[in-house]
Amino acid sequence: MIVRDFNEIVQNDRDRVVSDAHWTSVRLLLAEDGMGFSFHITFLEAGSEHTFEYKNHFESVYCVQGAGSITDLATGETHHIKPGVMYALNEHDRHVLRADEELVMACVFNPPVTGDEVHREDGSYAAPEEVDA
Ligand code: 9YT
């Protein structure tokens, strides 16, 4: 069994805390944990806007706290994000995520991220085989 404490990771396991200019993510589970998915708690700064397209991953996201919106760039459809709302990028959907207030999101990635990914220009993370290469 794996048991981890978010606060312990933040204090003592900085390798599992990843930040970009406007978001921070605490990776509770990574590829190395062998679960077949990774599990992150991600904080998106109030007022920030992000264009992502996880071409190599499926991602599911559950809003724990905050307010914002997500626009599906294929359809133009925008959905409100608030606590209790989940979205799943089952078609690797290119999207814009906006945080009107700071968003706290629980995120699952399949395949799991390894911990070394950074967003590329196209908003994706590299496929696991590219990260390992
Ligand atoms: C909400 C969202 O899209 N999170 C993406 C994951 C986060 N950027 C991370 O952990 O890398």
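Predicted, not measured: the structure shown is a model, and the values here were computed from it. Residues: numbered from 1 along the sequence shown. Numbering of ligands and ligand atoms starts at 1, following listing order.
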Donor-acceptor under 3.5 Å ([X] side chain, [Y] main chain):
X   : Y    : result
S69 : H80  : no
R16 : I9   : no
N56 : Y125 : yes
R94 : D122 : yes
D20 : H22  : no

Proximity to ligand 1 by part of [X], non-hydrogen separation under 4.0 Å:
X   : value
F39 : neither
Y87 : side chain
R27 : side chain

Which atoms of ligand 1 sit under 4.0 Å from any heavy atom of [X]?
X   : result
E59 : 2 (C), 3 (O), 4 (N), 5 (C), 6 (C)
F52 : 3 (O)
L97 : 1 (C)

Hey, is T42 one of the residues with a heavy atom under 4.0 angstrom from ligand 1?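 Judged by the 4.0 Å heavy-atom criterion, T42 does count as contacting ligand 1.
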Atom NE2 of H92 with >12 non-hydrogen neighbours under 6.0 angstrom: yes
N/O of S25 under 3.5 Å from N/O of ligand 1, yes or no?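 Right, the criterion is met.
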Report yes if Y125 has an N/O atom closer than 3.5 Å to an N/O atom of ligand 1; otherwise report no.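 Yes, there is a polar N/O contact under 3.5 Å.
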Common cluster, W23/V17, ILVMFWY with side-chain heavy-atom separation under 4.5 Å: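 Cluster IDs for W23 and V17 differ.
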Nearest protein heavy atom with distance in Å, relative to atom 6 (C) of ligand 1: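 The protein heavy atom lying closest is F109 CE1, 3.6 Å.
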